[in-house]
Amino acid sequence: MIFRIKQKHEAGFKLWLEKLGYTKKDLADGSSTFTGKGTRKTLSYVLLKSDLTGNAACQALFGEYEEHLDNPDYLDVKVA
């Protein structure tokens, strides 16, 4: 099954990534890339294509975004 974001979640997901500290870059074909410093290496580069498919990092973070939508007041705080 191909991973695809619903159109209604596109703007919110992009905004959420920026709020997490990712730097957004819009590409000429309508795709977007997000890079993050201080994140796990596997999640440091997110690609969201213009057809709303994405790479593995995009899929993992979108899962977290959906969890955020279900529980907006929940904070996952880890103390070292």
Side-chain angles (χ1 to χ4, degrees):
M1 189 164 127
I2 296 175
F3 164 73
R4 187 177 308 271
I5 293 174
K6 292 181 181 178
Q7 183 73 36
K8 67 180 182 178
H9 293 303
E10 178 184 14
F13 180 56
K14 288 180 177 180
L15 181 63
W16 184 76
L17 286 173
E18 290 183 80
K19 293 290 184 182
L20 289 178
Y22 284 83
T23 304
K24 178 182 173 185
K25 181 179 179 184
D26 291 319
L27 304 177
D29 67 350
S31 300
S32 300
T33 62
F34 296 85
T35 53
K37 293 184 179 178
T39 60
R40 287 184 289 168
K41 186 170 176 107
T42 58
L43 300 178
S44 64
Y45 179 78
V46 180
L47 172 65
L48 180 60
K49 297 179 184 176
S50 58
D51 64 355
L52 300 181
T53 59
N55 63 357
C58 181
Q59 187 171 0
L61 287 168
F62 188 73
E64 290 183 25
Y65 173 71
E66 286 182 313
E67 192 173 315
H68 165 73
L69 291 177
D70 291 340
N71 306 303
D73 296 327
Y74 177 77
L75 293 175
D76 185 17
V77 179
K78 295 180 182 176
V79 178

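Note: hydrogens, waters and symmetry copies are ignored here, and every other heavy atom, side chains too, is used.
With sequence neighbours left out, Asp51 forms a side chain to side chain donor-acceptor pair (under 3.5 Å) with Thr53. For Lys6, the side chain to side chain contact (heavy atoms under 4.5 Å, CB included) test picks out Lys8, His9, with sequence neighbours left out. Under the side chain to side chain donor-acceptor pair (under 3.5 Å) criterion, Glu10 pairs with Gln7, Lys14, sequence neighbours left out. Take Phe13 and apply the ring-ring contact (aromatic ring centres under 6.0 Å, His included) test, not counting sequence neighbours, and it matches Phe62, Tyr65.
To the nearest 0.5 angstrom, Leu52 atom CG is 12.5 Å from Ile2 atom CD1. We find the CG-CG distance between Leu15 and Leu20 to be 10.0 Å, quoted to the nearest 0.5 Å. Expressed to the nearest 0.5 Å, how far CG of Leu61 lies from CG of Leu48 amounts to 11.0 Å. Taken from SG in Cys58 to OH in Tyr45, the straight-line distance is 11.0 Å, to the nearest 0.5 Å. How far CD1 of Ile5 is from NZ of Lys49: 12.0 Å, rounded to the nearest 0.5 Å.
Among pairs with a residue in residues 17-28, those fulfilling side-chain hydrogen bond (donor to acceptor under 3.5 Å, both in side chains) read Asp26-Ser32, at least two apart in sequence or across chains.
Taken together through direct or relayed side-chain contacts under 4.5 Å among Ile, Leu, Val, Met, Phe, Trp and Tyr, Leu17 and Phe3 form part of one hydrophobic cluster. The hydrophobic clustering, which links ILVMFWY residues whose side-chain heavy atoms are closer than 4.5 Å, places Leu47 and Phe34 apart.
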